[in-house]
Structures are given as C-alpha cells and as structure tokens.
Amino acid sequence: MTAGLPHTRIQLTFTQGTYPMYRNFKIVPNIIFGRGSFNQLGDVLRSKRPTPDSTMVFVLDDVFVGKELEQRLPLEKGDLLLPVNVDDEPKTSYIDQLVAQIRATSPRLPDGIIGLGGGSAMDIAKAVSLMLTNPGSAADYQGWDLIKNPAVYHVAVPTLAGTGAEISRTTVLTGPEKKLGINSDYTLFDQILLDPELLAGVPKDQWFYTGMDCYIHDVESLEGTYLNEFSRAYGEKSLDLCRQVYLEDHADKDDKLMMASYFGGMSIAYSQVGACHALSYGLSFVLGTHHGIGCCIAFDQLEEIYPQGVREFRAMMARHEIHLPRNLTRDLDDQALETMATVALGLAPLWENCFGANWREVMTRERALDLFRRM
Ligand code: NAD
Ligand code: ZN
C-alpha cells in the first residue's frame, strides 16, 4: 500500500536541461469575504443557473441538519440538499455513492455543487463535482493530474477554518489502496465564500485542532528548504494571524482565523509541508486519526525539529486548556508501527522540504519509529 502527498504540494522547481521550471499555479478565481456574506450566496448562484430548470446540489455537513444554516440555504425548485457525514474522513467509496445518488435524482448534470462545512465537507464537494464529469470511481483518480474533464462548477462555504482546503488543488480521499488526494487544476473551487460568522458554534477542541493545522502549515513552510518569497509572504502573515487568534484576545478572531487558513494554504501551495504532516499521515493511515488532531499529536513530539514552533504551540494549548490524547501507539504491535513508518517515510517531498536532499540520513526509520512510539 502506498500513501501519497497529503496536500497538493509538488516540488516547486525542477531542472529540465539547464532551465529551472516553475509550476504554473492556478488559484481560486472568485472570493467573497466578510461577516454576513453568506446572504449573498443565492445571488452568486443565480448567475450560474442558465435555464429555469437549472439545479444545484448543496453538500451540507450533517452537523447542520435541523440548524439555522440549513434553513438559510438559498435552495430553489429542483435543487438537491445532500447532507454528508464526516465522522470518518472522506472515502472514495462514499464519493462514488454520493455521485450515484445525484445521478439517480436527475438525468442531467447539476449546474453547481456547493460544499458547506469543514475540510471534509469541502473535499467531498470537490470530489463529487469532479466525478460527475469523469467516468469510473474516485479511486481511479487519486494521484496527480489524472482528471481529464473539467468539474461541475463548485463553490465552498467553510464553517471551520485551518485546513486551507478552500484554496487547495486537492481533495484528500482514503481509497481501497491508499490515502491520497485527487490533485488537479480542475479540483480548485470556482468560488469561495468566506463568512467568519459561520465559525460560531465550532466546539473548542475542534476549533483548536483545525486552527493548529494552519499554524503547522505556516511553521513547516517557513522552516522548510523549499521556502521562497511567495510562500514566505503568505506564511508570515498567516503565522501572525494565528498568533493573534491563539495568544491574544480579539473580537474579530474568527475573521483572522479565516484569513490565516487561506494564507496558510497559499503558502504551502507553493512550497510544501514537512515532518509533522508526514508523521500525521502515518497515524491517520493506521489509526484513522483525523487530520487536525493528528497533526497536533505529531507536532508535540517535534521540538528537536521545530523548537520555537513547538514551544509556541504548547503555549497556545495551555492558554486554551487543550489536553492532547496520549499513548495512542502504546498497544500497537511492531507491524503496525512499521506500517506507520513506511507511510510517513514514503512522503519524500515533505522530508526533503524539512531536511534537504540528504533527509534519509537524518530521518532514519529508527528515528521515525521512535517518534511514533512516543505519540
Ligand atoms: P472536518 O471537516 O473533518 O470537521 C470536523 C468536525 O467539525 C466534524 O464533526 C464537523 O461536523 C464539525 N464542524 C464543522 N463545522 C462546524 C461548525 N461550524 N460548528 C460545529 N461543528 C462543525 O474538520 P477539518 O479539520 O476542517 O477538516 C479535516 C479534513 O480536511 C480531513 O479529511 C483532511 O484530510 C482534509 N484536509 C484537506 C486539505 C485539502 O487541501 N484539501 C488540507 C488539509 C486537510
Ligand atoms: Zn494540514
């Protein structure tokens, strides 16, 4: 079994002949930011409904079923409300099932997919919009640039901030053989609507873990060997915003966290994440640990690699009285630990970003196993 890159991050440059080649970086073209901007969603969608019988599908994190957000959705006649469950992080089989469900409701393609929720619901919306126009199973497209046909128009409305899924070119999925994103320019949302009011009501622990995903993106990008001025510019601002959110008191902290997530995603999109994300993927693969909390558990063991970042992270945990689960790996047998190490060490670009080209000498298998044993 193989694991793939957690995020979309491909190494920034490579040499072809004597010329450096740079990635032609596609970004989300339309963005609305502001408190109460959710009220504009209906107007935005209206311009994408070409005929009176146009339909849209609202992919809604089922935590909102029966809640105010569900009542506020700008549904029109023929639209489909599709609640999705994210207790487990998204699987390719779940995407296939949702696509079949949408196809069963109408012989024609919907004109839009709107994903509302955290990283999981946003990733589901991305994957569904891709799989409506590409044949086969979502599992067939886990990898890089395997998608052939443009997706259905798709929109994200985050209700949780930190992953950067709103701006990334990947949708992270667990398939029968691997956990790997569908990475493509078609994956990117056509529109994102960032309304900080929607973050109200996130349970504190979840708010912290997903926010720390962003903080860790910044540290890993800024401390990485792939760093460049593009990534630095976004990473520094995102880090500054995370500090304001988690170490200070601000009435507009939700606004700040939403922008931190966006900027953090922009930073890693043109550099790479590092050791913490690689290790968290091992945890997630073997134990099913969710992304945000898995990153926190791994980061807490990485003081020797990111000393300042880990110290600050612990200060943030203390300030918000967060208690990380411990001893996750205590009862694992050697084979399970070996699998964790294999998954983590398979993520070569992340380690190369962290330590440079000779990373294999620095992060030996024994060292990775030792880190996992401490988690
Ligand atoms: P999540 O989407 O998995 O949600 C975590 C929990 O919070 C869920 O129970 C959800 O129902 C709940 N929730 C969401 N919004 C809420 C709100 N406003 N109020 C109350 N509860 C709310 O968490 P996440 O950390 O945002 O996303 C993690 C997922 O994102 C993972 O599947 C991970 O693989 C993926 N991810 C994707 C990318 C990418 O670039 N595509 C990057 C990082 C992570
Ligand atoms: Zn992450």
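Whatever order the structure lists ligands and atoms in, that order sets their numbers, starting from 1. As a basis for the values below, the full set of heavy atoms in this structure was taken, side chains included, without hydrogen atoms, waters or symmetry mates.
Aromatic rings from F230 and F25 are positioned such that their centres are separated by under 6.0 Å.
Counting the atoms of ligand 1 from 1 in the order shown, those under 4.0 Å from a heavy atom of T170 are 39 (C), 40 (O), 41 (N). Ligand-side atoms of ligand 1 in range of D213: 43 (C), range being under 4.0 angstrom from any heavy atom. Each of the atoms 17 (C), 18 (N), 19 (N), 20 (C) of ligand 1 lies under 4.0 Å from some heavy atom of V202. Near D61, meaning under 4.0 Å from any of its heavy atoms, are these atoms of ligand 1: 10 (C), 11 (O), 14 (C). For ligand 1, the atoms sitting less than 4.0 Å from at least one non-hydrogen atom of T159 are 14 (C), 15 (N), 16 (C), 17 (C), 18 (N), numbered in the order shown with element in parentheses. Heavy-atom proximity to P90, at under 4.0 Å, picks out these atoms of ligand 1: 32 (O). Near F64, meaning under 4.0 Å from one of its heavy atoms, ligand 1 places the atoms 16 (C), 17 (C), 18 (N). Remark: ligand 1 atoms within the under-4.0 Å shell around heavy atoms of G118 are 2 (O), 26 (O).
Comparing heavy-atom distances from atom 9 (O) of ligand 1 across V84, V63, V86 singles out V86 as nearest. Residue nearest to atom 41 (N) of ligand 1, selected from I182, D123, T171, N183: D123 (by heavy-atom distance). Of the listed residues (A165, A121, G164, S284), the one carrying the non-hydrogen atom nearest atom 38 (C) of ligand 1 is A165.
Within D213, the N, O or S atom lying nearest to the Zn ion (ligand 2) carries the name OD1. The atom name of the N/O/S atom in H277 closest to the Zn ion (ligand 2) is NE2. For H291, the N/O/S atom at the shortest distance from the Zn ion (ligand 2) is named NE2.
Here Y215 contributes atom OH and E312 contributes atom CD; the two are 3.5 Å apart, rounded to the nearest 0.5 Å.
Under the 3.5 Å distance criterion, the side-chain polar atoms of D61 are left unmatched by any main-chain donor or acceptor of L116.
For the Zn ion (ligand 2), the set of nearby N, O or S atoms under 2.8 Å includes one belonging to H217.
Looking at L198 against ligand 1, only its backbone comes within 4.0 Å, counting heavy atoms. Counting heavy atoms closer than 4.0 Å to ligand 1, residue S168 contributes side-chain atoms (C-beta onward) but none from N, CA, C or O.
Sorted by first and then second residue, the ring-ring contact (aromatic ring centres under 6.0 Å, His included) pairs with a member in residues 312-347 read W207-H320, Y246-H320, F299-F313; sequence neighbours excluded.
Ring-plane geometry between W351 and F355 is classed as parallel, the angle between the planes falling under 30 degrees on a 0 to 90 degree scale with a further cut at 60.
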